[in-house]
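Here is the structure we will look at.
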Amino acid sequence: MTIGDITLSFDNGPTVEVTPLVLDVLARQQIKASFFVLGKNLQTPQTQALMHRAAGEGHWIGNHTFTHSVPLGRQTGDDVAQREIGRTQACLEGVVHPDRLFRPFGGGGVIGDHLLSAAVLRHLVDGRYTCVLWNSIPRDWAEPDAWVETALEQCRRLPWALVVLHDYDTGAMVHLERFIERARAEGARFRQDFPPDCVPLVAGEARADMTPYVAAAAGAD
Ligand SMILES: [Zn+2]
């Protein structure tokens with residue numbers, strides 16, 4: 001069995017503990033990736049510098065909410081989109097990808113109608129955002145020393161894997177370079193763009209039915 005294409009993404013950073021290591025590995029391996037950052041993590045000069053370093057090295061920066069607390073489809077209130085998405089976007093000045101990349105969070109990486117609310121979707125459409133989902137979650141946060149095998153397994157089953165990893169302090173990213181080398185040994189080609197199936201909204205335009213990702217009513221489970 002061989003591995004096809006792989007796109008790497010790193011969520012929930014940047015952090016001074018882990019993001020530099022990830023950037024060093026990606027530079028050494030000549031891979032461009034995407035970083036979906038949290039607004040709350042961009043409140044110091046050090047983390048802002050890391051975001052600018054990532055962008056300067058050719059990585060794409062996306063919005064992954066401000067607090068990463070409750071999935072947006074489970075929150076009520078008119079100002080959720082602004083508080084979580086708008087406020088984070090304001091922290092991305094100078095590094096915003098032209099397609100305004102946004103990734104919702106699922107709680108354990110689950111995709112479902114808890115990801116967005118109708119009001120949040122409206123905010124994304126009006127703001128011409130691109131909604132970037134995923135198809136590979138090796139749960140690096142839960143299995144910091146075992147995720148490489150899981151990730152390789154998932155990549156073997158997908159023609160083009162969009163892998164979610166995390167650049168915060170679990171210890172998992174010490175295995176990043178081993179994952180990349182093993183995947184390449186099985187034929188993997190790393191690329192920066194996203195599999196179309198994982199991007200249901202592009203610059204505010206729906207490319208797929210969005211209803212599977214939108215809660216039926218605000219606050220609904
Ligand atoms: Zn996340």
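Remember, it's 1-based here, ligands and their atoms both numbered in the order they're listed. Nothing here was measured: the structure is a model prediction, and the numbers come from that model.
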Heavy atoms from other residues, nucleotides or ligands near CD of Q43 exceed 12 (cutoff 6.0 Å):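 Correct, the count exceeds 12.
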At the Zn ion (ligand 1): angle between N12 atom OD1 and H64 atom NE2, to 10 degrees: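 Answer comes to 90°, rounded to 10°.
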2.8 Å cut-off met by an N, O or S atom of T65 to the Zn ion (ligand 1): no
N, O or S of H166 under 2.8 Å from the Zn ion (ligand 1): no
All pairs passing salt bridge (Lys or Arg N to Asp or Glu O under 4.0 Å) where residues 54-72 contributes a residue, at least two apart: R53-E57
F105 and H68 aromatic ring geometry - parallel, tilted or perpendicular at 30°/60° bounds: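 Rings of H68 and F105: parallel, under 30°.
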W160 six-ring centre to R189 NZ/CZ under 6.0 Å and within 45° of normal: no
